[in-house]
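Down below is the structure, laid out as C-alpha cells.
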Amino acid sequence: MDVTTPANAPWLVVGLGNPGPEYERNRHNVGFMVADLLAERVGGRFKRAGKAQAQVVEGRIGPPGPANRRVVLAKPMSFMNLSGGPVNALKDFYKVPVANIVAIHDELDIDYGVLRLKLGGGDNGHNGLKSMTKAFGAEYHRVRFGIGRPPGRMQVADFVLKDFSSSERKELDYFVDRAADAVEALVIEGLERAQSTYNS
C-alpha cells in the first residue's frame, strides 16, 4: 500500500483567476492561462472536482523515474477573493502538504512578463493569496507573474480586471509558456534550481 508521505505526496498547482468568460483574458486571470497550458501539456481537460468549488486535472510531469511527479492542476471557481476555501478542500482531499502547493498569480510590483518564484511571505494585497493564507497558512510556493503597475491614476482594481493591452498580447503567449516551464521546474527540480533559471 502506498502511504502518502512528503516524499511521494502529490503537488497541487493552483492557477488563480475569476471564473466566467468576461474575465477570461484579464490580467488578474493569468494564473488560469498558465494552468490551462499546463493541463494541455499533461494531456488533460479541466473538470469539476467533486464537492470542491474548483476544476481540476490530474496528471504527471517530469521524466520517467524518481523525478516524475504526480500533480493536480486546479482552477478555483469561487472568484479570486474566496480562493482559499476550494484550495483547502483540494489540499485535504488529495492529502497535499502545504509546501507542495503552488499558486500562480499576477503580481503588480513586478514588470510585465517578469517571473519571481518564492516560498511563503506576505500577500502584497493580492486577495487570492490573502484567502489561501487565511485558510492554511503562508508556507506555500508562489509563481509570481509580473503585470506591472497601472498607468497614471488608474485604480488597481480596474487595471487587474482589464484585458492585457494589444502590445502586451504580442508577447503574452511566450510569457505564459515560460511561466508554465517555471512551474514544471519548481515541481521537478525544487525551488532553488528553478529560481536560478527563472527569477530574471
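All residue numbers in this chain count up from 1 along the given sequence.
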Does atom [atom1] of [X] have more than 12 heavy-atom neighbours from other groups under 6.0 Å away?
X: Glu192; atom1: CD; result: no
X: Lys134; atom1: NZ; result: no
X: Phe136; atom1: CZ; result: yes
X: Arg193; atom1: CZ; result: no

Could you check whether the rings of His105 and His126 sit parallel, tilted or perpendicular, using 30° and 60° as the cut-offs?
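Perpendicular, since the angle between the ring planes exceeds 60°.
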
Please state whether the rings of Phe175 and Phe145 are parallel, tilted or perpendicular, taking 30° and 60° as the class boundaries.
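Plane angle over 60°, so perpendicular.
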
Give me the atom names and distance for the closest heavy-atom approach of [X] to [Y].
X: Leu90; Y: Ala74; value: CD1-CB, 3.5 Å
X: Leu129; Y: Leu16; value: CD2-CD1, 4.1 Å
X: Pro10; Y: Pro97; value: O-CD, 4.3 Å

So, are [X] and [Y] salt-bridged, with charged N and O less than 4.0 Å apart?
X: Asp36; Y: Lys75; result: yes
X: Glu184; Y: Arg69; result: no
X: Asp177; Y: Arg41; result: yes
X: Arg149; Y: Asp109; result: yes

So how far is it from [X] [atom1] to [Y] [atom2], rounded to the nearest 0.5 Å?
X: Met33; Y: Arg27; atom1: CE; atom2: CZ; result: 10.0 Å
X: Leu119; Y: Glu139; atom1: CG; atom2: CD; result: 5.0 Å
X: Leu12; Y: Lys95; atom1: CG; atom2: NZ; result: 13.5 Å

Would you sort out whether Lys162 and Asn26 count as a side chain to side chain contact (heavy atoms under 4.5 Å, CB included), showing the intermediate values?
CA-CA 5 Å; Lys162 279 197 175 354; Asn26 287 179; 5.7 Å; no

Quick one: does Ser83's side chain have a donor or acceptor within less than 3.5 Å of a partner on Gly128's backbone?
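Judged by distance alone, no pair lies under 3.5 Å.
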
Do the side chain of Asn29 and the main chain of Asn18 share a donor and acceptor less than 3.5 angstrom apart?
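Yes: the side chain of Asn29 pairs with the backbone of Asn18.
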
Group every Ile, Leu, Val, Met, Phe, Trp and Tyr by side-chain heavy-atom contacts under 4.5 Å, then state whether Met80 and Met77 land in the same group.
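Met80 does not cluster with Met77.
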
Do [X] and [Y] pair up side chain to side chain, a donor and an acceptor below 3.5 Å, judged on atom types alone?
X: Asn124; Y: Glu107; answer: yes
X: Glu171; Y: Tyr112; answer: no
X: Arg116; Y: Asn199; answer: no

Is it possible for you to check whether Arg25 lies under 6.0 Å from the centre of the six-membered ring of Phe164, through NZ or CZ, and within 45° of that ring's axis?
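Relative to the ring axis of Phe164, which defines the angle, Arg25 lies outside at least one limit.
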
Is the NZ or CZ atom of Arg142 positioned over Tyr140's six-membered ring, under 6.0 angstrom from the centre and within 45° of the axis?
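Here Arg142 passes the 6.0 Å and 45° test against Tyr140.
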
Quick one, Ile61 with Asn68, criterion side chain to side chain contact (heavy atoms under 4.5 Å, CB included). Give me CA distance, side-chain angles, the key distance, then yes/no.
CA-CA 6 Å; Ile61 61 174; Asn68 191 260; over 6 Å; no

Note, Leu115 side chain near Arg178 side chain (heavy atom, < 4.5 Å)
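Touching, per the 4.5 Å side-chain cut-off.
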
